[in-house]
Amino acid sequence: MKKRLSTIMAIAATLSMLFIAGPVMAAETADQTVALQVTAIDMITATAGPTLIFNPANIEASGGGAYVVGSDAFQITDATTTYSVTTNSASNKKITAHLDTALAATGLALNVALASASGVTSAEVAITTVVALTPVDVVTGLLQEADADQVITYRAVATVETPVATYSPVVTFTLTDQGV
Amino acid sequence: MKRLKFLLSAAALALALNGPALGADVSTHVMTFDFQAINELEVTGTPNLTIASAIAGEQPQEATDSSSTCAITTNGANKRITASIDTAMPAYVTLKVNVAAPSGSGTSQGDVTLATSASNVVTGISPVADSSPAITYKLSATVQAGVLATDTRTVTFTLSD
Amino acid sequence: MSFSIRIFIIFLLAPLFFAPQTAHAAISITVTGSWVETIDKNDLAAGAGSDLQSTYTSVSGQVTIDISGTSGPADAWRIDIRKVDDNWNSNLHPYVMRTSAGTGGSVSGGASYQEVTDINASFFSGSGDVTGINVQLRMTGASIQINPASYSTVLYYTVVDIQ
């Protein structure tokens, strides 16, 4: 009985020591675990949109070159705005564009082209009637890139039938998975 | 009279010389204090670094964690603290550590890139006891690193000559 | 003064010069024990980041003192104490304190810690033969600013027979 009791007490003492959470012992060497993570990063920004004003001083001939008085159509271009993009995706991304509302004015058309140091740029894309449901690709093949201040070129076309007014479409550029 | 004074003085002297003998004895013991070399280091904190954002057009933004501290006591001279990691970082990913020097002792080496081989993080440490030196970790990655699932590294700090 | 009177006085006083010495005992002190202390990381006040505890105290009776050879219970004596450094650090300060009266005779004083210096100073006093007087030791001034090394000093206890 005595022997069993002393055995039980010895076991209890040992177990109690195991459950005592002692302080981390200092030594000449100390280890520390550091947790690390890099999440998916897909960022695109654009500078403020341009103001394209059709006036005799700045219009060009439709398709480029000096405007010839008497021509029905004319255009203006703007390359003063830029976009920047960062993606760490290991699969291709693309940039699409669309308008908030289709341009319905007679003879008015809007085209856009995005430069890209890393991706594949589309030729100029017409976005006059491109809205959110049907965005168009403007840059493809972006793979783990960080490109700043890439030029956006707008070309707006109007005709003599286009009503004199202010048109303020909002162009949205979206960085998204390119898919297959 | 003169002679009487002389004789009386001589008597007094004789009495004094024959006064009680003063005894004295000495015994000794030793007190010894053996100061051992003391080099103690303790690191606290659970750093967590997540790169989750970027300014468009730029590389992902660095993640920083300054929640850890390094407590140190040493009675040695010209000591240093080194740091290393157990496994190399993935390509295009860098982990740096900055350990503040203990108060009035040593020089921090600033942001030090961690590798599997030890690098100095604080040098020239003289005897000091300080529980507060801050440890700052910085994780950086380029877009080429891609997405990194949660991972860990064990950083080993060593106090040595 | 006549010559014969001078001679008489001389013969009267002569015995005083050659009087046998009073039979005083050879009082003796025996100190037993020593104190060796290792100061290491376990003596840090609160682990890494903290300094060493500055004060260390021996057990009571780390050292014991026996006084013997007195002429009797009324034979008064005094204990003086000083140290002689071997390899010492001036930041370290040793102290002594009497913690018991021993057996036999009588003892008084020395019941508070007093610093031991290089100069003899009175520690405690008593009378008669006494054995087993306990002494407790203390050392202050330890810190991590003290270079790792072994530091020693020798404490000298002198028993002085007093009237």
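First the proteins, then the strands, lettered A, B, ... as listed; each starts at 1.
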(request) Check each atom of B:Ala52 against the heavy atoms of chain A and say whether the ones under 4.5 Å are side chain, backbone, both or neither. (result) both
(message) So which residue, B:Ala145, B:Gly45, B:Ala71, ends up with the most heavy-atom pairs under 4.5 Å with chain A?
(response) B:Gly45
(request) Tell me, for A:Leu36 versus chain B, whether the close heavy atoms (under 4.5 Å) come from the side chain, the backbone, both or neither. (result) both
(request) For each of B:Cys70, B:Ser160, B:Pro47, tally heavy-atom pairs with chain A at distances under 4.5 Å, and name the one with the top tally. (result) B:Pro47
(message) Among A:Gln150, A:Glu145, A:Gln144, A:Met43, which residue has the highest count of heavy-atom pairs closer than 4.5 Å to chain B?
(response) A:Gln144
(request) Would you please say whether a donor-acceptor pair under 3.5 Å links the side chains of B:Glu40 and B:Thr73? (result) no
(message) Measuring only between side-chain heavy atoms, which start at C-beta, is A:Val112 closer than 4.5 Å to A:Ile152?
(response) yes
(request) Answer with yes or no whether the side chains of B:Gln109 and B:Thr123 bring together a donor and an acceptor at under 3.5 Å. (result) yes
(request) Determine whether more than 12 heavy atoms belonging to other residues, nucleotides or ligands lie under 6.0 Å from atom OH of A:Tyr167. (result) yes
(request) Please state whether the side chain, the backbone, both or neither of B:Tyr137 comes within less than 4.5 Å of a heavy atom of chain A. (result) side chain
(request) Could you tell me whether B:Asp161 and B:Arg80 have a side-chain N and a carboxylate O separated by less than 4.0 Å? (result) no
(message) Please classify the contact between B:Thr154 and chain A as side chain, backbone, both or neither, with a heavy-atom cut-off of under 4.5 Å.
(response) both
(message) Heavy-atom pairs under 4.5 Å with chain A - which of B:Leu95, B:Thr44, B:Leu49, B:Thr152 has more of them than the others?
(response) B:Leu49
(request) Starting from the C-alpha separation in whole Å, work towards a yes-or-no answer on side-chain hydrogen bond (donor to acceptor under 3.5 Å, both in side chains) for B:Ser126 and B:Ser105. (result) CA-CA 6 Å; B:Ser126 54; B:Ser105 173; 3.2 Å; yes
(request) Pick whichever of A:Ala148, A:Ala40, A:Ser89, A:Ala90 has the most heavy-atom pairs under 4.5 Å with chain B. (result) A:Ala148
(request) Return the orientation label for the A:Phe173 and A:Tyr83 ring planes: parallel under 30°, perpendicular over 60°, tilted otherwise. (result) parallel
(message) Shorter than 4.5 Å, heavy atoms on both sides: which option in A:Thr86, A:Thr33, A:Val85, A:Leu175 has the most such pairs with chain B?
(response) A:Thr86
